[in-house]
Protein chains: 2
Amino acid sequence: MTRPFANALELLRAARLRPTRQRLALARLLFEKGDRHVAAEELHGEALAAQMPVSLATVYNTLHQFVGAGLLREIVINPGRSYFDTNVSDHHHFFYEDDSQLRDIPGDSIAVSNVPSPPEGGSIRRVDVVVRVEKAAHKGR
Amino acid sequence: MTRPFANALELLRAARLRPTRQRLALARLLFEKGDRHVAAEELHGEALAAQMPVSLATVYNTLHQFVGAGLLREIVINPGRSYFDTNVSDHHHFFYEDDSQLRDIPGDSIAVSNVPSPPEGGSIRRVDVVVRVEKAAHKGR
DNA sequence: TCAATAGTTTAGAATGGTTTTAAATTCTGA
DNA sequence: TCAGAATTTAAAACCATTCTAAACTATTGA
């Protein structure tokens, strides 16, 4: 259910990407521990720490290929850094502004209604909802 | 109604920012032609074109001060570039992926329901909805 | 009016995540 | 095993944004 592919190799085959050492390593790091929101440099650090040397350029290449193959979703919330979400099912996000953390909101707990059709034409590809959360409630001025 | 302040000067006073030549110029460009979504470099170009020389650093400073004063809202959708929205009322956005254009969706035409409370605690500061639109409907593979 | 001071602007350098380049390496199929 | 295609990589380039420190400007109070 939360395991769309038995292993990294199968996953790469399905995406029609050659199963290189680097891609296998990154796929394992990404998909073998449940849902994650990772930035490129973070993943790079993890790979090095796990004795799986991969260049940063390859991390970027691979992340983008995975997004293209529908294995990852890219999330942009803050300027200057992208996150990659291993959960590609229909869902939304909490964003904790204090420490820039993301948390999934299950897709069926939230509902967006009355979305008008785009004025300039075109078709709706996705609706993203970000609920911005701040830790302390500093109200007033 | 769409004119919260009679003029740029009044607007700066309300924001408790000194009415310098540069800020007045930028305020006029931003607020005297209806709702806009502008990037910093874009606004800088407009200022130069309008014979109101302002440095890019000042454009950034001013935009952030305006955001702090609640005159602008910053919108991050694509990595690497922020947009500033002169409409600070409660509303959401269409995002045209083909040409990176933003269009407002009136706040009352859309409704987000059943937002759960944040699991890690904290208070909800804002809910942002982005409807991603692609021009052509290239379906299938 | 005039300084003193606090706030503002600016050119230019620095930053930092991401992308590009071009050469070396690795994979695949025949 | 070999040729061609895909992939990886270090290093450089990119580019929006931020920082720095010096010059400038607005404001205040005497």
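Chain identifiers are assigned alphabetically (A, B, ...) following the order of the sequence lines, protein sequences preceding nucleic acid strands; residue numbering begins at 1 within each chain.
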Exercise for the section: Just compare D:dT25, D:dT9, D:dA6 and give me whichever is closest to any side-chain atom of A:Arg18. Expected result: D:dA6

Exercise for the section: For B:Leu17 and D:dA26, give me the distance from atom CG to atom C1', rounded to whole Å. Expected result: 13 Å

Problem - Partner of A:Leu12 by side-chain contact (heavy atoms from CB on, under 4.5 Å), out of A:Leu24, A:Leu71, A:Asn7, A:Leu26 - result: A:Leu24

Handout entry: Rounded distance (Å) that lies between atom P of D:dT18 and atom CG of B:Leu63
Key = 10 Å

Exercise for the section: Looking at every strand, decide which applies to B:Thr58 at a 4.0 Å heavy-atom threshold: base, sugar-phosphate, or nothing. Expected result: base

Problem - First of A:Glu41 and B:Ser55 reached from the 5' end of DNA chain C, by closest nucleotide - result: B:Ser55

Exercise for the section: Using a 4.0 Å heavy-atom cut-off across all strands, classify A:Pro79 as base, sugar-phosphate, or nothing. Expected result: nothing

Exercise for the section: Quickly work out the A:Arg81 CZ to D:dT17 P distance and round it to whole Å. Expected result: 16 Å

Problem - Rounded distance (Å) that lies between atom P of C:dT19 and atom NE2 of A:His44 - result: 15 Å

Exercise for the section: Taking only the side-chain heavy atoms of B:Val54 (C-beta and beyond), determine which of D:dA11, C:dT10, D:dA16 contains the nearest atom. Expected result: C:dT10

Fill in the blank from the handout: B:Leu56 CG to C:dA13 P, in whole Å, measures 15 Å

Practice task
Check the distance between C:dA11's P and B:Leu48's CG and give it to me in whole angstrom.
Solution key: 10 Å

Practice task
Would you indicate which nucleotide in C:dA11, C:dC27, C:dT9 comes nearest to any side-chain atom of A:Thr20?
Solution key: C:dC27

Handout entry: Other residues, nucleotides, ligands: >12 heavy atoms within 6.0 Å of B:Arg125 CZ
Key = yes

Practice task
Could you check whether the rings of A:His37 and A:His93 sit parallel, tilted or perpendicular, using 30° and 60° as the cut-offs?
Solution key: perpendicular

Problem - Sugar-phosphate only, base, or nothing, as touched by A:Arg23 at under 4.0 Å among non-hydrogen atoms - result: sugar-phosphate

Handout entry: Distance, rounded to the nearest Å, where A:Leu12 contributes CG and C:dT28 contributes C1'
Key = 16 Å

Handout entry: B:Tyr60 side-chain N/O to D:dT17 phosphate OP1/OP2 under 4.0 Å
Key = yes

Problem - Candidate nucleotides C:dT18, C:dT10, D:dA10, ranked by approach to the side chain of B:Gln22 - the nearest - result: C:dT10

Completion exercise
On DNA chain D, more 5' by nearest nucleotide between A:Pro53 and B:Asn61 is A:Pro53

Completion exercise
Rounded to whole Å, the CZ-P distance (B:Arg13 to D:dA26) equals 14 Å

Practice task
For A:His64, report the nucleic acid contact type (base, sugar-phosphate, nothing); a contact means any heavy atom under 4.0 Å.
Solution key: sugar-phosphate

Completion exercise
Judged by nearest nucleotide, the residue sitting upstream toward the 5' end of DNA chain D, B:Pro19 or B:Glu74, is B:Glu74

Practice task
Using a cut-off of 6.0 Å, state whether more than 12 heavy atoms not belonging to B:Arg21 lie near its atom CZ.
Solution key: no

Problem - B:Thr58 side chain to B:Val54 backbone, donor-acceptor under 3.5 Å - result: no

